Colleague: 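Quick one: structure below, then a few questions.
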Amino acid sequence: MARYPATPTAHSSTRLTRLPAAKPSQCGAGMAGFLAVLIPILSLGMGGVELAHWMSLRQTLSLALMDAARAGATRQARPQAIADAFEQGLRQLYIQPAALTHALQTRRQRLGAPWRIHILQPAPAAFRDHADASLNGPRQHPGQALIRNDYQAQQQARRIRQGWPQGRGPQSDATIFQANTLLMDLWWPQAPMLPGVAAIVRALAPIHGDPIGRQMMQSGYLPFRRRIRMVMQSHPAAWPDLPDGRVRHAAPADASGDLQAGSPPGITPIDPHRELPSQPPEQTSPGAAPETPAYPPQADPPDAPGSGDQKAGGEAPGICTP
């Protein structure tokens, strides 16, 4: 029986070769290179998701703040109505009521107030300048100050004739148009989605210029700030701040975006030197309509928007994000 040789010989048709052994220093080099590329790519992808979440959150907060401004404009700038409307608007972020309650409680434990809205206009000083004691509007108590929302052009003309420069009050430096404009700032703390970002936010907290934003960053939250301006559709009333700090009045730090002393859209300027009758002229014929009185009668007329259509906007200069 023929036997085949155990090892190839020179006369064999095939030749077996042995691969060289890998050097110990090259073991795992491919995996290390893969990880070196994967980590930056994953970081960029997760950062893009975080940024997209911030952009969506900005829009949602703006809509919730608009709902709060509408409630304030139609309910005499009452802080409780503003707070209720804003938290109702947060249901767009937290669909489940339990999730919204948990989010607010967590922020309340860390920050004292889960969010903050500052009413910049009408300021308390505006009520000392423009309050109308003869106005028969709804009041919480008899001594509550009210600012008349109608006949604003006539009120502006009367203030100018009294010697107020451009109709601005001596204490508030605001016109009757500004006193009938609701201007609010919102501060919302948002927890970052990416792990490790909260530590970076805490490290950057000392460089924030605002005490409220600095407090939020020290707790690991990103402070989002939004601003809205809306014309009042009711007589503004002087209300106390909410005890929990969610809605309070604050002096406007930046008045550059406020309404100017000129007449807002929808109101024709009145010559302040023209004599205005103290009583409306009587109707001369059965078919003729009476003219609009220059000054409102003692009886409170129905609420009417005296300064144009509703106007909202005027956002703050962006959000405070890295």
Side-chain angles (χ1 to χ4, degrees), residues 50 53-72 77-94 100-124 182-193 197-198 200-230 239-258 312-322:
E50 182 83 38
H53 177 65
W54 291 348
M55 297 298 103
S56 175
L57 180 63
R58 280 169 52 111
Q59 180 68 15
T60 304
L61 292 177
S62 297
L63 294 176
L65 184 59
M66 181 177 294
D67 292 341
R70 287 172 176 170
R78 185 175 183 180
Q80 187 61 52
I82 294 174
D84 294 342
F86 178 74
E87 292 190 351
Q88 182 66 26
L90 291 178
R91 297 289 295 272
Q92 303 175 68
L93 286 176
Y94 304 94
L100 176 59
T101 302
H102 175 72
L104 295 180
Q105 288 179 352
T106 302
R107 288 166 171 79
R108 185 177 289 107
Q109 293 173 359
R110 296 183 180 180
L111 301 172
W115 47 267
R116 298 177 185 272
I117 287 181
H118 293 169
I119 300 178
L120 307 180
Q121 286 182 356
L182 183 61
L183 178 63
M184 301 190 303
D185 264 357
L186 166 68
W187 288 91
W188 171 259
Q190 179 64 27
M193 298 174 57
V197 178
I200 300 177
V201 172
R202 293 189 186 97
L204 298 177
I207 65 176
H208 199 282
D210 193 279
I212 298 178
R214 190 181 309 117
Q215 179 191 10
M216 293 180 179
M217 295 181 68
Q218 289 173 351
S219 301
Y221 289 102
L222 287 167
F224 283 71
R225 186 179 183 184
R226 312 301 291 163
R227 173 173 291 189
I228 192 170
R229 179 185 293 106
M230 185 172 291
W239 301 93
D241 299 338
L242 293 185
D244 57 5
R246 290 178 300 167
V247 181
R248 67 182 183 88
H249 296 80
D254 181 13
S256 59
D258 296 348
E315 299 178 351
I319 58 175
C320 180
T321 55

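For this chain, numbers begin at 1 and follow the sequence in order. Below, all heavy atoms of this structure are taken into account, side chains as well, without hydrogens, waters or symmetry copies. Predicted model only: the values in this text are computed from it and were never measured.
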Colleague: Which heavy-atom pair separates Gln92 from Ala64 by the least distance, and what is that distance?
Modeller: NE2-N, 4.4 Å

Colleague: Working to the nearest 0.5 Å, report the span between CG of Leu90 and CG of Leu65.
Modeller: 10.5 Å

Colleague: Does Arg110 have more than 12 heavy atoms from other residues, nucleotides or ligands lying within 6.0 Å of its CZ?
Modeller: no

Colleague: Taking all non-hydrogen atoms of both residues into account, name the closest pair between Arg214 and Ala205 and its distance.
Modeller: CG-O, 3.2 Å

Colleague: Looking at Pro114 and Arg108, what are the two nearest heavy atoms and their distance?
Modeller: CG-NH2, 3.7 Å

Colleague: Would you call the rings of Trp54 and Phe224 parallel, tilted or perpendicular, where under 30° means parallel and over 60° means perpendicular?
Modeller: perpendicular

Colleague: Is there a side-chain contact between Trp187 and Asp210 in this structure, where contact means two heavy atoms from C-beta onward sitting under 4.5 Å apart?
Modeller: yes

Colleague: Around His102, counting heavy atoms of other residues, nucleotides and ligands shown, do more than 12 lie under 6.0 Å from its NE2?
Modeller: no

Colleague: Looking only at heavy atoms, which two atoms of Asp244 and Ala113 are closest? And how far apart?
Modeller: O-CB, 3.7 Å

Colleague: Heavy atoms only: give me the nearest Trp239-Pro79 pair and the separation to one decimal.
Modeller: CB-CD, 3.4 Å

Colleague: Return the minimal non-hydrogen interatomic distance between Ala85 and Ala68, and the atom names on each side.
Modeller: CB-CA, 3.8 Å

Colleague: So among Arg248, His249, His118, Arg246, which one has a side-chain hydrogen bond (donor to acceptor under 3.5 Å, both in side chains) with Asp241?
Modeller: His249

Colleague: Under the 3.5 angstrom rule, does the side chain of Arg226 hit a backbone N or O of Leu61 as a donor-acceptor pair?
Modeller: no

